[in-house]
Amino acid sequence: MPGGRLTQQERQQIALGLSDGLAYAEIARRLDRPTSTVTREVMRNGGPTGYRADLAHRATEHRAHRRRPAAPRGAQEAPQAHGRDAVAVRDYEEVFTTLLMQQGLPKMMSRALTCLFTTDAGSLTASELVERLQVSPASVSKAMAYLEAQGLIQRERDERRRERYRVDDGVWYQSMIAAARSNAQLAETARQGVDILGPGTPAGVRLESIARFMDFVGESIARAAEQAREILYTKPEPAA
């Protein structure tokens, strides 16, 4: 399996694979590369719909020139529990962070939330976050305040009276319910337009269709979220 950075030709093959609707695993198989390499490459360079081979190649070269000399990365890796591959964990965290950013979360907040999601304890102190993220305490404080205001994390004190930040297991449920409410609000606003523009007019018919569609989608999301809520709190059976 070839190592090192992706070549420009490989990036062009990735772009072609995405345009053909191929899965990351299939693209990786054709390149004889790990799936994580392809996933990371795409997610950090525009995502599956915005990936451009030439832009991705130039961005990688720019990052390489900008990067300052540092100690070997492996020497800085924190010990991994359960025999995990430190490089694979770091790559996965980068992919997850990029995904959160594409969902609209700022970069620093995405990095902090990813840290919490990928920590076995599900919680970290401010000093632990500073160490893991290699940022200032002020940056961590700002990120945590933002995430707490969004209802994405909880603040608590441990037995040593230190503030800890814990990821809320119900965040995905809350996110789905918020989406359902947003869809309901859009449906209501569209219906107001029907009354103003006139039922039966082309614009009125269009807005009524939007309202009915968003009603259906919102109700479906809320119903599915309620039905699946307990999954968030049910531990999977251990593998045999």
Side-chain angles (χ1 to χ4, degrees), residues 24 34-37 39-45 47 70 73-182 221 224-226 228-239:
Y24 293 151
T35 301
S36 61
T37 297
T39 303
R40 183 173 67 254
E41 166 70 14
V42 174
M43 296 302 287
R44 68 161 41 159
N45 291 292
R73 191 69 179 264
Q76 300 175 357
E77 298 288 355
Q80 293 290 323
H82 307 292
R84 293 168 180 147
D85 183 326
V87 174
V89 170
R90 187 179 69 244
D91 289 347
Y92 174 74
E93 288 174 344
E94 188 172 330
V95 169
F96 201 94
T97 296
T98 302
L99 179 61
L100 292 176
M101 290 170 62
Q102 290 179 339
Q103 298 294 320
L105 205 59
K107 182 176 181 179
M108 188 66 242
M109 291 63 171
S110 297
R111 293 184 65 206
L113 194 56
T114 294
C115 271
L116 291 171
F117 276 130
T118 56
T119 301
D120 285 322
S123 69
L124 292 166
T125 64
S127 61
E128 289 170 337
L129 283 163
V130 166
E131 183 178 355
R132 287 173 66 102
L133 297 172
Q134 292 295 292
V135 296
S136 68
S139 295
V140 167
S141 178
K142 181 179 179 181
M144 293 299 102
Y146 178 94
L147 294 172
E148 187 178 20
Q150 298 297 314
L152 298 175
I153 64 168
Q154 296 175 345
R155 188 191 303 254
E156 57 187 29
R157 288 192 179 276
D158 61 18
E159 66 281 356
R160 296 170 57 185
R161 304 299 297 166
R162 298 176 304 176
E163 278 196 343
R164 297 190 71 88
Y165 302 100
R166 178 176 297 280
V167 70
D168 184 355
D169 288 340
V171 63
W172 304 110
Y173 168 79
Q174 295 164 12
S175 176
M176 292 298 99
I177 293 300
R181 290 172 181 159
S182 178
I221 290 175
E226 288 293 346
R229 187 177 187 180
E230 64 182 59
I231 292 176
L232 291 168
Y233 305 100
T234 302
K235 304 302 181 185
E237 294 292 332

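Treat the numbers as computed from the prediction; the structure is a model and nothing was measured.
- Not a single donor-acceptor pair under 3.5 Å links the side chain of Ser182 to the backbone N or O of Ala178.
- In this structure the side chain of Thr118 never reaches within 4.5 angstrom of the side chain of Phe96, judged on heavy atoms.
- Taking CZ from Arg229 and CD from Gln174, the interatomic distance works out to 8.0 Å, rounded to the nearest 0.5 Å.
- From Gln150, atom CD reaches atom OG of Ser175 across 10.5 Å, with rounding to the nearest 0.5 Å.
- Minimum interatomic distance between Ala225 and Ile177 (heavy atoms only, all atoms of both residues): CB-CD1, 4.2 Å.
- Just one residue in the list Gln154, Glu128, Arg164 forms a side chain to side chain donor-acceptor pair (under 3.5 Å) with Ser123, and that residue is Arg164.
- Scored by the salt bridge (Lys or Arg N to Asp or Glu O under 4.0 Å) test, Glu163 finds Arg155, Arg157 as partners (sequence neighbours excluded).
- A donor-acceptor contact shorter than 3.5 Å is absent between the side chain of Ser141 and the backbone of Pro137.
- Residues passing the salt bridge (Lys or Arg N to Asp or Glu O under 4.0 Å) test with Arg132, sequence neighbours excluded: Glu93.
- When side chains are defined from C-beta on, Leu129 counts as touching Cys115, because their heavy atoms get closer than 4.5 Å.
- A donor-acceptor pair under 3.5 Å is formed between the side chain of Arg111 and the backbone N or O of Leu133.
- Remark: Ser36 OG to Glu41 CD distance equals 12.0 Å, nearest 0.5 Å.
- To the nearest 0.5 Å, atoms OH (Tyr24) and OG1 (Thr37) are separated by 13.0 Å.
- Contact between Ala143 and Met108 at its shortest, heavy atoms only, is CB-CG, 4.0 Å.
- Across every non-hydrogen atom of Leu147 and Ala112, the tightest pair is CD1-CB, 4.2 Å.
- With a 4.5 Å cut-off on side-chain heavy atoms, Leu116 and Leu152 do not count as touching.
- Partners of Glu156 according to the salt bridge (Lys or Arg N to Asp or Glu O under 4.0 Å) rule, which considers only residues two or more places apart in sequence or in another chain, are Arg166.
- Looking at Thr125 and Arg162, their side chains never bring a donor and an acceptor atom within 3.5 Å of each other.
- A heavy-atom distance below 4.5 Å is not found between the side chains of Met43 and Glu94.
- Put simply, CG on Asp91 and CZ on Arg44 are 8.0 Å apart, with the number rounded to the nearest 0.5 Å.
- Between Lys142 and Tyr146 there is no side-chain heavy-atom pair separated by less than 4.5 Å.
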